[in-house]
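Let me begin by presenting the structure, written as C-alpha cells, before commenting on it.
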There are 2 protein chains.
Amino acid sequence: MTVSRALREPDAVSSRVREKVATAVRDLGYLPNRFAGGLAARRSRLVTVIVSGISASVYADALRGADEVLRPLGYEVLISQLTETPEQEERAVAALLGWQPEGVILSGIERTDATRRMLHAAGVPVVEALELTDTPIDSNVGLDHRSAGIAMGRHLADRGYRRIAFYGARLDSDFRAFRRLEGLRAGLAECGLVPVRVVCSEAPSTPETGARFLRELLDDAAAPDAVFLSNDTIAMGALFEAQRLGVAVPERIAIAGFGGSDITAAINPPLTTIRFARREMGRRAALTLLDRIERRAPPGQRVDVGFELLARGTT
Amino acid sequence: MTVSRALREPDAVSSRVREKVATAVRDLGYLPNRFAGGLAARRSRLVTVIVSGISASVYADALRGADEVLRPLGYEVLISQLTETPEQEERAVAALLGWQPEGVILSGIERTDATRRMLHAAGVPVVEALELTDTPIDSNVGLDHRSAGIAMGRHLADRGYRRIAFYGARLDSDFRAFRRLEGLRAGLAECGLVPVRVVCSEAPSTPETGARFLRELLDDAAAPDAVFLSNDTIAMGALFEAQRLGVAVPERIAIAGFGGSDITAAINPPLTTIRFARREMGRRAALTLLDRIERRAPPGQRVDVGFELLARGTT
DNA sequence: TTGTAAGCGTTATCAC
DNA sequence: GTGATAACGCTTACAA
C-alpha cells in the first residue's frame with residue numbers, strides 16, 4: 001500500500017520512503033500492472049476512438065490533436081479503425097466497451113440503434129466528431145457539412161457557373177458527402193439553379209476515380225461547366241486528368257474539392273476547396289470529452305469548429 | 001464460472017446453459033470486464049504500436065494492415081503516436097508496457113538504450129518495422145533504405161544526370177532518410193559520381209518546404225541537374241514550384257521522391273519515386289509478431305518487404 | 001457438464 | 001505517515 005501511494009501521490013509519503021521505493025522500482029524494473037490497477041480503482045484511464053470511413057490524413061491529424069490533450073492527463077487512447085459501415089462500428093463498440101473506457105469518441109453521426117443503446121447502457125460519455133447533428137447521443141464536435149455545401153453552391157454561382165455537377169466517390173460510407181450535396185442544392189437554389197448532374201459512386205477515393213469522373217463529365221450530355229467533387233483526392237485526380245487532356249481549368253470546367261489538405265495549395269492552379277481544422281477538431285473533441293468525463297459539463301455539448309472556403313485558381 | 005465458460009468456449013457447456021446465458025447477457029447488456037479478465041488470465045490480448053516520426057499516410061496504411069491481422073484474432077491494438085524523438089518513444093514504451101501487451105510494434109530502429117532494456121526486461125516479443133537492421137531487438141520487418149538510395153543513385157546516373165543533389169526535410173526525426181542518402185552516395189560512387197549538394201534540414205515536411213528547396217537549388221552554385229528529395233511531399237512541392245517558375249522538369253532539373261503515394265502517379269508529369277507496400281508491411285509486422293507471441297518462431301525473424309523504383313516523368 | 005476455491009496485482013478504506 | 005484488510009470481476013485448477 002505504501003508503495004502504491006509513493007508512486008501515485010509521492011507527497012503523501014515521507015521522503016525516506018519515497019526514495020526507498022524509487023530505488024527498488026529502478027532496481028526491479030517494476031512497472032505497475034494497469035489491469036490490476038484499473039480493476040481495483042474502477043477506472044481505466046482509457047479513451048477509445050472509433051474511426052469510420054474517413055481518409056488517413058483526416059483521422060491522423062484529428063487523432064494527433066486528441067492525443068495531445070489526453071495523454072498528458074494520463075489517458076491512453078485506444079483506437080479501432082477499419083469500420084467502414086455502421087454494422088462494423090457496432091461490433092467495434094461492443095468490443096471496446098469491454099475495456100471500460102471512461103469516454104468514447106466516434107467519427108460521424110451515422111450509427112445503428114444497437115450502438116446507441118450499448119453506449120447509453122454503458123453510461124459512458126460520448127463525443128461524436130466530424131459532423132454536427134441535432135440529435136447527438138451525448139456531445140458533438142464538428143462542422144455543418146450542409147453549410148459547407150451551401151457555401152460551395154454560392155461560390156460557384158457567384159463566379160458565374162451555371163451548369164454545376166456533383167461527383168462523389170465512396171458514397172456508401174461517406175455520409176457527410178451527402179449532406180454537402182444537399183447543401184450544394186440549397187446554395188444553388190438560392191440563385192435559381194439546380195445541379196445538372198449528380199453522380200454518387202461507390203468507387204474508391206483515388207485520383208484514378210477522379211480522372212475517370214472528369215472524362216465522364218466531358219462526355220456528359222448535360223455539359224457541366226463546374227464540378228464539386230466529394231473530396232480533394234478525387235478533385236485533384238480530375239484536375240490532373242483535365243490537364244493531361246488539354247482541358248482548360250477553370251475556363252472549360254471549374255473544379256472544387258473538400259478537405260483542405262496542404263497539397264491542394266501547392267498544385268497549379270491551386271485547388272478551390274473547403275478546409276476545416278482537423279487537429280483542432282481532435283483537440284476540441286478530447287477537451288469536450290474530458291469535460292463530460294469529469295462532469296464539468298452536462299450532456300449535449302456542441303462545438304462547431306467551422307470551415308473555410310478557399311476560393312482558388314480552379315474556380 | 002459456468003457463465004465465463006459459456007462465453008469463451010460455448011461448446012464446453014450444454015445447449016440449455018448456453019442459451020440461458022445468452023439470454024441473460026442480452027437482457028442485462030452484460031459486457032465482460034477486460035481488466036478483470038486480463039488480470040486473472042494473465043494475458044492482455046493487447047498489442048501496442050508506437051509510431052515515431054512518419055507521415056500520416058504511411059502509418060495509417062501500415063496500421064490498417066496490422067489491425068486487419070490482429071483484430072480477427074481477438075487482439076486489440078493500442079497506439080501511441082506523437083513520439084518524434086527516441087526520448088519521447090522511451091516514455092511511451094514505459095507507459096504502454098504497464099498495459100502488459102503481449103507484443104510490441106515499433107517504427108524504425110532508432111531508440112535509446114533504456115528503451116531496449118525495458119523491452120528486454122519485460123520479455124515481450126518486439127517487431128521493429130519500416131527499416132531493416134542487423135541488430136534488431138527481436139524481430140524486424142521493413143525495407144533496406146540504403147538499397148533504396150543506391151537504386152535511386154543508379155537510376156539518376158543511368159539517365160545521364162551528373163550533378164545530383166539531395167535535399168531532406170525533418171531530418172532530425174527521419175533517420176531512414178539518412179540511410180537513403182548514404183545509399184545515394186554509394187549508388188553514385190559506382191559511376192564515379194558524388195552528390196554536388198547535400199542539404200539536411202529540420203524544416204517541416206510540407207510542399208512549401210519543397211518549393212523553397214527548389215528555389216535554393218536553382219540559385220545553387222553547384223548547379224545540380226537532378227535532385228533526390230527525402231519524401232514525396234517535398235518532392236511534389238518542388239515539382240509544382242518548378243512549374244510555377246517555368247523551369248522544365250526533367251530537362252532543366254530532374255526531381256525524385258520517396259514514398260510512392262497514389263497521388264505521385266496522378267500528377268503531370270508523374271513523379272519518379274520509390275514505393276513500398278505499406279499495408280503489407282503492417283500485415284507482415286503483425287503476422288511476425290503473432291509468430292513470436294505464440295512461440296511459433298524464435299527471435300531474430302527478418303522480413304524484407306522490398307521496394308520498387310518507379311521511374312517516371314520527372315527524371 | 002457444472003461448480004468450488006483460490007488468487008491475479010492493485011487500490012479504497014479505515015485503523016494505527 | 002504507514003499499514004492491514006477487503007474488495008475489484010474474472011480465470012485457472014481441480015473436484016464433484
Side-chain angles (χ1 to χ4, degrees), chain A residues 1-46 48 73-76 78 94-103 118 121-124 293-295, chain B residues 1-46 48 73-76 78 94-103 118 121-124 293-295:
Chain A
M1 192 52 233
T2 301
V3 171
S4 175
R5 243 187 316 250
L7 259 23
R8 287 175 303 129
E9 7 170 23
D11 296 338
V13 301
S14 65
S15 58
R16 208 180 68 83
V17 167
R18 191 159 50 235
E19 277 167 34
K20 257 175 79 178
V21 169
T23 311
V25 162
R26 194 173 4 267
D27 292 350
L28 300 169
Y30 169 83
L31 287 171
N33 181 327
R34 302 204 61 162
F35 282 74
L39 182 61
R42 291 173 205 70
R43 59 174 311 183
S44 63
R45 288 276 170 192
L46 211 46
T48 67
L73 293 170
Y75 285 88
E76 215 67 54
L78 192 54
L96 291 186
L97 245 23
W99 288 97
Q100 318 288 117
E102 299 186 26
M118 267 189 290
V124 204
I293 290 174
E294 285 160 18
R295 305 183 170 288
Chain B
M1 191 52 232
T2 301
V3 171
S4 173
R5 245 188 313 250
L7 259 23
R8 288 174 304 128
E9 10 171 21
D11 295 339
V13 301
S14 64
S15 59
R16 207 181 68 83
V17 168
R18 191 160 50 236
E19 276 165 35
K20 257 175 78 178
V21 169
T23 311
V25 163
R26 194 172 6 267
D27 292 349
L28 299 169
Y30 171 83
L31 287 171
N33 181 327
R34 302 205 60 162
F35 283 73
L39 184 60
R42 291 173 204 70
R43 58 174 311 182
S44 63
R45 287 274 168 194
L46 210 48
T48 67
L73 293 171
Y75 286 87
E76 216 67 54
L78 191 57
L96 292 186
L97 244 22
W99 287 97
Q100 317 288 117
E102 299 186 26
M118 267 190 289
V124 204
I293 290 174
E294 286 160 17
R295 304 183 172 288

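The sequence lines fix the lettering, A, B, ..., with proteins before strands; numbering per chain opens at 1.
dG9(C) atom C1' lies 19 Å from atom CZ of Arg43(B), rounded to whole Å. Between the CZ atom of Arg8(B) and the C1' atom of dT2(C) there is a distance of 14 Å, rounded to whole Å. In this structure, CG of Asp11(B) is placed 9 Å from P of dT1(C), rounded to the nearest angstrom. Protein atom CZ of Arg16(A) is 11 Å distant from nucleotide atom C1' of dG1(D), rounded to whole Å. Taking atom CE of Met1(B) as the reference point, atom P of dG3(C) lies 11 Å away to the nearest angstrom. Atom CH2 in Trp99(A) sits about 13 Å away from atom C1' in dC10(D), given to the nearest Å.
Each end of the helix from dT1(C)-dA16(D) to dC16(C)-dG1(D) gets its own axis from five base pairs, and the two axes differ in direction by 30°, given to 10 degrees.
Of the candidates dT13(C), dT2(D), dA13(D), the closest approach to any side-chain atom of Val17(A) belongs to dT2(D). Looking at the side chain of Ser4(B), the nearest of the listed nucleotides dT11(D), dT2(C), dA12(C) is dT11(D).
With contacts defined as side-chain heavy-atom distances shorter than 4.5 Å, the pair Leu46(B)/Gln100(B) does not qualify.
Between Arg34(A) and Gly74(A), the shortest heavy-atom contact is NH2-O, 4.0 Å. The two residues Pro101(A) and Ser44(A) make their nearest non-hydrogen contact at CA-OG, 3.7 Å. Across all their heavy atoms, Ala36(A) and Leu39(B) have their closest contact at CB-CD1, 3.6 Å. Contact between Val25(A) and Leu7(A) at its shortest, heavy atoms only, is CG2-CD1, 4.1 Å. In plain terms, the two heavy atoms of Val21(A) and Ala6(A) that are nearest each other are CG2-CB, 3.8 Å.
The shortest distance between the side-chain N/O atoms of Ser14(A) and the OP1/OP2 oxygens of dT2(D) is below 4.0 Å.
Within residues 26-41 of chain A, the residues having any heavy atom closer than 4.0 Å to DNA chain D are, in order of number, Leu39(A), Ala40(A).
In this structure, OG1 on Thr23(B) lies 10.5 Å from CG on Leu28(B), to the nearest 0.5 angstrom.
Classification of the Phe35(B)-Phe35(A) ring pair by plane angle, with boundaries at 30° and 60°, yields tilted.
Judged by distance alone, with hydrogens and angles left aside, Arg5(A) brings a side-chain donor or acceptor within reach of the base of dG3(D), the pair sitting under 3.5 Å.
Between the side chain of Arg45(A) and the main chain of Glu76(A), no donor-acceptor pair closer than 3.5 Å is present.
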